[in-house]
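Below is one structure, written out as structure tokens; comments come after it.
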Number of protein chains: 2
Amino acid sequence: MADDDIRARIQQLGVRQQRFERHLAKELGVDAAGIEAMDHLISTGPATPTELARRLEISTAATTLVLNRLETAGHIHRERHPTDGRKLVVTAEQNSAELAYSHVLPMIEGVEQLVESMTPEERMTIQRFLDQLITIYDDATRKTHQNF
Amino acid sequence: MADDDIRARIQQLGVRQQRFERHLAKELGVDAAGIEAMDHLISTGPATPTELARRLEISTAATTLVLNRLETAGHIHRERHPTDGRKLVVTAEQNSAELAYSHVLPMIEGVEQLVESMTPEERMTIQRFLDQLITIYDDATRKTHQNF
DNA sequence: GATACTTGCTAAAAAAATTGATAATCAAGA
DNA sequence: TCTTGATTATCAATTTTTTTAGCAAGTATC
């Protein structure tokens, strides 16, 4: 019976995450795809448009438009790749990165405090739980694909 | 330091959830909004368009279009509200509900097994963790709103 | 060096959302 | 009762964002 409670909470968490992303997007004046791109650029560093397309799971054509919007807004800039002339390197502007980070900070600090408030055993429990949950979603996403 | 690991996992979970939803949408031939609407109708029973709009966090006009698409595809039907002539009652078709459920089943069973494999203490830890996490996201989403 | 692949972009079209307006209904109060 | 104001679902027009298809430039492989 507790399964249902936990599953309901997992779903609710997903709802909140999406809501937070949309909120962030509105707050910063960019669209949701732009937020995800910025997030990737900030947390993993510069990337090429194709890498971003894979990360956002949209076409490279759509990525071009996302980057156009971000560039127009002054949030990123594109440079030529030093060795591969076909590629570009997309980098988040310092100012925009800091602005975005400042908006995400409350969430980060909240999680930080929450994790710190737990015992090492609890942390391990949570970590294992999350890992297995991710695997479950991955498996479930592949499952029906394989009917072909 | 473990905070970062856990936060990364939380984010990854969100990515998988969205991916699963899109996968489901493609699998069933409806859009993501339609999936969420069906989910609500199946798990909480019939609802009015306005209720669905609130749940999906889109306008009632957009909801009308979502319902049109679902109705055309034979996944739902609309009836007049018994007491309030302005309202409609949207109900999921039995066949579609079962079909949708069968596609979500692998995920549900996975979570079920995962929860069953844990001790009562671990379950409580997870539950508290998820509850607090939801609260953190809610707070973070409100935060910058209140700059006005 | 010729051929095939990769990369990022453009253009046209499709998909889906928003905003604003409208018709029908309800709820209260004069 | 009737009228005023609010609510509900829809429609129409516009905007936003994505996809598909195709292309030009660069790279790699043979």
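Just so it is clear, the structure is predicted and the values come from calculations on it, not from any experiment. Convention: sequence-line order gives letters A, B, ...; per-chain numbering from 1.
A salt bridge links Glu57(A) to Arg19(B): at least one charged side-chain nitrogen sits closer than 4.0 Å to a carboxylate oxygen.
OP1 or OP2 of dA17(C) lies within a sub-4.0 Å distance of a side-chain N or O belonging to Arg69(B). Residue Arg78(B) has a polar side-chain atom (N or O) positioned under 4.0 Å from OP1 or OP2 of dT10(D). Contact annotation: Ser59(A) side-chain N/O to dT19(D) OP1/OP2 distance is under 4.0 Å. Contact between the side-chain N/O atoms of Thr60(B) and the OP1/OP2 oxygens of dT8(D) is not found at any separation under 4.0 Å.
For the pair Asp31(B) CG and dA16(C) P, the computed distance is 5 Å after rounding to whole Å. Per the geometry, NZ belonging to Lys87(B) stands 10 Å off C1' belonging to dC26(C), to the nearest Å. Here the P atom of nucleotide dG5(D) and the CZ atom of Arg86(B) are 16 Å apart, to the nearest Å. Atoms CD (Glu57(A)) and P (dT17(D)) sit 19 Å apart, rounded to a whole Å. Put simply, CG on Leu88(B) is 13 Å from C1' on dT7(D), counting in whole angstrom units. Rounded to an integer number of Å, the gap from Leu56(A) CG to dT18(D) C1' is 13 Å. The distance from atom CG of Leu52(A) to atom P of dT7(C) is 13 Å, rounded to the nearest whole Å. Straight-line distance from the CD atom of Glu71(B) to the P atom of dC11(D): 11 Å, rounded to whole Å.
The side chain of Asp84(A) has dG26(D) as its nearest neighbour among dT18(D), dC11(D), dG26(D).
For the pair Thr63(A) (side chain) and Ser59(A) (backbone), a donor-acceptor distance under 3.5 Å is present. Between the side chain of Gln113(A) and the main chain of Gly110(A), no donor-acceptor pair closer than 3.5 Å is present.
Leu67(B) comes within 4.0 angstrom of nothing in the nucleic acid, heavy atoms only. Using a 4.0 Å heavy-atom criterion, one finds that Thr48(A) contacts the sugar-phosphate atoms exclusively.
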Please lay out, stage by stage, how Leu13(A) and Phe129(B) fare under the test side chain to side chain contact (heavy atoms under 4.5 Å, CB included). CA-CA 11 Å; Leu13(A) 178 58; Phe129(B) 175 76; over 6 Å; no
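When each of Ile58(A) and Ala62(B) is assigned the nucleotide of DNA chain D bearing its nearest heavy atom, the one mapping closer to the 5' terminus is Ala62(B).
There is a side-chain donor-acceptor pair under 3.5 Å between Arg16(A) and Gln12(A).
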